[in-house]
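Structure first, then comments.
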Amino acid sequence: MNVRNIVLDKYSAKVYKNRKEHIMELTQETKDQPIAANSRTVPGIITNRGCCYAGCKGVVLGPLKDVLVLTHGPIGCGFYSWGTRRNKAKTEDGRNFIEYCFSTDLQEPDIVFGGEKKLRQAIKEAVEIFQPKCIMICSTCPVGLIGDDIHAVATETEQLYGISCMAFSCEGYKGVSQSGGHHIANNTLMKKIIGTNDTPPKNKYSVNLLGEYNIGGDGWEVERIMKRIGYDVISVFTGDGSFEAIKNSHMANLNLVQCHRSINYIAEMMKTKYGVDWIKVNFIGIKSTIQSLRDMAAYFGDKELAERTEEVIDDELANIAEEKEYYYSKLKGKTAALYVGGSRSHHYQLLLSDFGVSTVLAGYEFAHRDDYEGREVIPTIKEDADSKNIEHLNVEKDDKKYHAYLTDEQYEMLKSKIPLEDYTGMIRHMENGSIVVDDLNQFETDEFLKLLKPDIFFSGIKDKYSLQKAGVLARQLHSYDYSGPYAGFRGSVNFARDITMGLYTPAWGFVTPPWKNRSTLRASLAGGEE
Ligand code: SF4
């Protein structure tokens, strides 16, 4: 029996029927088969998934430093998501709300009589104390059930205080995971912010970095490299991002998509409405970073920019050469399993391969089929009942603001060379024999660990300690175990250093107490030998 079937075999018939669609053992044949993804979690299975509110407020909106993000609901949702994602931000105009947790802290009477009154009062206090230019109201589970009209309150707020205010109906039960929340956040950023200011870029190499949340300073490291080359980074969605910068993002000539899952909606809508092309980039990994920088240079088709790109690549590589070689010698031949949200399980495989580490298992919590199989499967994806309550926004060309950097001929010519409006997905880059699992749960984690015996398991905080108790190094790829940055050239060696330290820590040698390995009892017969 293959590894996949050994794990599935332990399930009841009903659970087996569901889970068999989400697990693949890759072979030449299965690589072309569809995987089930973005569907409802089996109740009671101990999933790692979060909710729609987490995807909207926690992931996309939370990092916007000059926005006061107000959680409308009981205190748990706001409190638990307070400061737990490491999206860093520098203060620019005195407004940096990243370190706060704003909540309406709903109580029983608010559930019974409605929470709008309390929401208005919270906004009044927030305006008086913090003077934000923009407030975003995020709904939690009960808000949708009791029927609070947060959108009406947002409109009222704009009229009353003359500031921007927008509401997000991202109740936790919408969709099946964080993914619905990404979509809801994308729609409102597109409707209400993007395109509302027209400050021209500093030069024609103007880009937005989409789906980069600056965990541990990743976005800063990528920006540093891009600025060395000469790019004008207009906005980052949304790590160290700002409401003010996003207003101008439609002025860029190119969108760079790092996390496809969370932000592809905006990339697509900006292409339709403003003519801004997007390419899939990956700044995680040395070879991937080089490839992405070359793709960007190819897009702009400028000799000087291409030369500058190569100079910067050479210089950055020279700076990390010694460390790279050392960590390669320490990590070569190791194996890894990766289970992260919706993009890192792919990106980090490429970084690991730079250091000679191969992948035996990879999976996503909330990715869709296109993240696994590539964007060409999008027309074949059937939306199920659980995701139908997430709005699909249809945008149209804005005749006044539409600008295309490439001619149609240039576009067609480049399409075969760089990932223009394309993402090929994770599976295509994986070796035959490896396992792909969607919505991995605790039972499957334990089973695959025993069967595949990876040297390192990359995952999140919830399973980190159960993995380490089983004797395997677990590194968190959401929080980077409070380290980072891991992006770009310098980030790659930071990452390699961290896993080398984890693998070679002497603590692993003390897991088994000495009396389990050798006899510690000594006795001697009176007057005799020991
Ligand atoms: S599921 Fe509901 S209650 Fe739980 S964190 Fe999400 S919004 Fe809050």
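Counting starts at 1 for both ligands and their atoms, in listed order.
- Distance screen at 4.0 Å: atom 4 (Fe) of ligand 1 has no protein heavy-atom neighbour inside the cut-off.
- Considering Tyr348, Tyr339, Phe495, Tyr480 as possible partners of Phe458, the one that fulfils the ring pair (Phe, Tyr, Trp, His ring centres under 6.0 Å) test is Phe495.
- Distance check: Thr140 OG1 to Lys57 NZ gives 11.0 Å after rounding to the nearest 0.5 Å.
- In terms of the ring pair (Phe, Tyr, Trp, His ring centres under 6.0 Å) criterion, residue partners of Phe130 (sequence neighbours excluded) are, by chain and number, Phe97, Tyr100, Phe102.
- Protein nitrogen, oxygen and sulfur atoms, that is N, O or S, within less than 2.8 Å of atom 6 (Fe) of ligand 1 amount to 1.
- Between Asp439 and Arg49, at least one side-chain N (NZ, or NE/NH1/NH2) sits under 4.0 Å from a carboxylate O, which counts as a salt bridge.
- Note on Lys88 versus Asp218: no salt bridge recorded, every NZ/NE/NH1/NH2 to OD/OE distance being 4.0 Å or above.
- Using the six-membered ring where Trp is involved, Tyr274 and His250 have ring planes that are tilted, between 30° and 60° apart.
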